[in-house]
Amino acid sequence: MSDSHLHPVKPEWTKNALIDNETYLDWYKQSIDDPEAFWGQHGKRIDWFKPYSKVKNTDFSNGVSIKWFEDGVTNVAYNCIDRHLEKRGDQVALIWEADDPSKDKKITYRQLHDAVSRLGNVLREAGVKKGDRVTIYMPMIPEATYVMLACARIGAIHSVVFGGFSPDSLAGRIADCGSGVVITADEGLRGGKPIPLKANADRAIEIAKGQGFNVQTLLVVKHTGGQVRWVDGRDVWYHEATEKVSAECEPEQMNAEDPLFILYTSGSTGKPKGVLHTTGGYLVYASMTHQYVFDYHEGDIYWCTADVGWVTGHSYIVYGPLANGATTLIFEGVPNYPSPSRFWEVIDKHKVNIFYTAPTALRALMGAGNEHVAKTDRSSLRILGSVGEPINPEAWEWYFKVVGEERCPIVDTWWQTETGGILITPLPGATDLKAGSATRPFFGVKPELVDGDGKVLEGPTDGNLCIADSWPGQMRTVYGDHERFVQTYFSTYAGKYFTGDGCRRDEDGYYWITGRVDDVLNVSGHRMGTAEIESALVAHPKVSEAAVVGYPHDLKGQGIYCYVTLMAGEEWSDTLHKELVAHVRSEIGPIAAPDKIQFAPGLPKTRSGKIMRRILRKIAEDDYSALGDTSTLADPAVVDDLIANRQNRK
Ligand code: WTA
């Protein structure tokens with residue numbers, strides 16, 4: 001990496017920073033040398049009803065068992081709300097910026113306490129008990145955070161499903177975790193367009209019923225006032241139910257290792273897995289990373305543009321910031337509505353100090369032209385963050401120079417749904433920045449690069465990224481399938497957590513994430529399994545076989561490229577192409593819509609029948625120079641045919 005992309009810490013970044021480089025090095029060493037002592041001390045950043053006496057009890061071998069603060073008792077909602085009331089009851093907890101730029105709302109900690117307590121009582125009256133699952137399918141409105149916190153308050157396990165998923169996907173997730181209560185809104189609104197959430201939820205509940213699972217209660221927030229179908233005895237209006245109950249709701253006593261939430265995420269094989277996070281360690285880690293990575297100071301206005309349907313929304317819109325007593329902004333809309341100035345206008349309107357977004361949004365806004373940024377002020381900004389996919393140095397430099405006017409450090413934060421919080425990241429007052437690098441590990445995180453045989457590599461090198469020991473925010477299991485947890489993350493390299501990412505470490509010990517090394521795609525920062533898209537395609541009656549790979553895409557990072565073989569007698573046509581795109585949208589959701597489909601009379605397979613994706617990736621990239629050895633293919637001629645017929649792609 002050339003020095004032009006090196007940005008040393010500026011003196012003004014260190015001046016009031018919580019952590020300077022010396023402190024970083026000192027704390028990091030302590031955290032690795034004696035994790036018990038380090039986390040024993042930092043675990044006290046949250047309030048415990050009963051203090052823990054044990055800190056770390058983790059084993060990455062022997063069936064994998066991960067426990068932190070295991071005999072401590074606490075409650076996440078209590079920590080995110082109640083404990084702040086005395087000091088900051090009237091401080092704004094949430095700023096809601098609607099899709100419509102003329103609408104917004106501010107909610108204080110006291111109001112948050114009221115809303116969450118009432119909702120907790122509504123859920124309790126609906127029969128929800130500690131340990132029960134509740135599915136949340138909501139737009140980005142304040143009620144989305146109320147319902148998450150209400151579940152945490154009464155000890156119910158929430159499963160938030162992103163509003164861009166189809167009824168089929170929602171049904172699968174409702175049934176998998178056995179969620180008797182679902183919470184939604186009449187409609188969502190994005191870029192002026194309504195999203196039929198209630199209608200999708202109705203359909204999903206029907207599908208789940210067909211699979212033998214019955215939802216008893218559908219709680220509905222009236223948001224747009226759009227028309228909805230109503231099922232008496234099952235459907236309940238949120239505003240009516242919350243009016244009738246008391247605003248006193250005792251928080252449940254939760255053991256540190258009691259589950260807090262399930263979040264479904266895609267892997268390289270099979271159906272999405274329910275990533276399970278628990279109470280104490282997760283909150284300690286989410287709040288600590290939020291504070292230090294964003295150099296959060298009292299009174300800062302903090303904005304993360306993610307959706308609560310993803311882990312970033314869980315840890316860095318809701319739990320981390322609120323545990324720290326911050327003012328967190330939630331945004332209903334999209335970056336380019338009503339114009340590509342929207343982000344910067346919202347920053348000016350609410351005087352945002354810390355701004356956290358995704359590379360895909362930055363690339364799109366960069367393409368829209370600097371004038372949309374230049375006409376705004378942005379002088380409130382102090383820290384910029386990036387998450388979700390590798391940020392290319394061009395987008396990084398644009399973010400730094402045009403958006404931040406070289407005043408604001410950028411924290412490029414690498415982490416995963418599974419990790420619960422940020423693992424590799426700069427700290428604003430401590431870390432010299434290199435555009436495109438996530439830089440150094442956070443406290444307590446021990447990255448290792450290993451080769452294909454699991455040998456740990458030292459010094460500057462490329463390798464597969466593993467984490468050698470546990471940190472408190474780590475997922476504990478796959479909901480209902482611990483064996484899958486062990487197989488997916490701890491069997492590739494025995495005794496280590498394998499991330500699925502490739503990575504380079506440079507001569508300064510900085511980490512550069514190079515992207516997934518498994519069959520997972522990252523499309524606009526959304527994680528998707530190729531296997532899921534393939535199974536959606538082959539569910540279409542005219543498709544006999546499908547193989548899906550990623551290819552480089554200017555805006556999305558990766559695009560979805562599908563090779564499709566048709567049933568005998570079926571003809572490839574524009575109509576069929578459209579039908580297949582629509583089919584995937586309805587099976588999984590609009591976020592999984594194929595970018596390109598190529599009709600393929602045959603797929604390159606080994607003699608044992610395994611599809612050689614490496615070759616398909618090369619053809620999708622139009623790179624025929626390095627197809628590698630094709631002699632092991634059952635029928636090498638298939639490859640020539642795929643190259644010759646690539647005009648068949650649409
Ligand atoms: C990728 C999102 C490079 C990575 C928090 C990871 C990144 C996957 C970065 C997890 C980053 C996330 N630089 N790549 N700063 N952040 N990724 O579970 O491939 O939706 O494995 O969690 O996103 O995606 P997930």
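Computed from a predicted structure; not experimentally measured. Just so you know, ligand 1 is whichever comes first in the structure, and atom 1 is the first atom listed for that ligand.
Backbone and side-chain nitrogen or oxygen atoms of S386 are examined, and none is located within less than 3.5 angstrom of a nitrogen or oxygen of ligand 1. Taking distance alone, with nitrogen or oxygen atoms compared against 3.5 Å, T499 stays at or beyond that limit from ligand 1. For ligand 1, the polar-atom distance check finds no N/O of T265 at less than 3.5 Å from any of the ligand's N/O atoms. Polar contact check, R527 against ligand 1: a nitrogen or oxygen pair lies under 3.5 Å apart.
Which parts of ligand 1 touch N522 is read off a 4.0 Å heavy-atom cut-off, strictly below it: atoms 1 (C), 23 (O). Less than 4.0 angstrom separates some heavy atom of T312 from each of these atoms of ligand 1: 5 (C). Counting atoms of ligand 1 from 1 in the listed order, those under 4.0 Å from a heavy atom of D412 are 11 (C), 13 (N), 15 (N). Near T413, meaning under 4.0 Å from any of its heavy atoms, are these atoms of ligand 1: 9 (C), 11 (C), 15 (N), 16 (N).
Looking only at heavy atoms of the protein, atom 13 (N) of ligand 1 is closest to E389 O, 3.4 Å. Nearest protein neighbour of atom 3 (C) of ligand 1, counting heavy atoms only, is P390 N, 3.1 Å. When only non-hydrogen protein atoms are considered, atom 6 (C) of ligand 1 lies nearest to D501 OD2, 3.2 Å. Residue, atom and distance of the protein heavy atom nearest to atom 18 (O) of ligand 1 are T417 OG1, 2.6 Å.
A donor-acceptor distance shorter than 3.5 angstrom exists from the side chain of S179 to the backbone of T135, with no hydrogens or angles considered. T417 contributes no side-chain N or O that, together with a main-chain N or O of V311, makes up a donor-acceptor pair within less than 3.5 Å. Although no hydrogens or angles enter the test, the distance criterion places no donor-acceptor pair under 3.5 Å between the side chain of R516 and the main chain of R527. Under the 3.5 Å distance criterion, the side-chain polar atoms of R133 are left unmatched by any main-chain donor or acceptor of I174.
In this pair, F498 and Y493 present their aromatic rings perpendicular. The plane angle is above 60°, beyond the 30 to 60° band.
With respect to R382 and D295, a salt bridge is recorded, a charged nitrogen being found less than 4.0 Å from a carboxylate O. Taking 4.0 Å as the cut-off between side-chain N and carboxylate O, D412 and K434 do not count as a salt-bridged pair.
Contact analysis puts W415 in contact with ligand 1, with a non-hydrogen atom separation below 4.0 angstrom. At least one heavy atom of G388 sits less than 4.0 Å from an atom of ligand 1.
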Open item on the list: Checking R342 against E97 for the salt bridge (charged side-chain N to carboxylate O under 4.0 Å, His left out) test, could you report, in this order, the C-alpha distance in whole Å, the side-chain angles of both residues, the deciding distance, and whether it holds?
Closed with: CA-CA 11 Å; R342 185 69 190 273; E97 170 75 15; 2.7 Å; yes
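Checking each of F331, Y356, F294 against W303 for a ring-ring contact (aromatic ring centres under 6.0 Å, His included) leaves exactly one that passes, namely F331.
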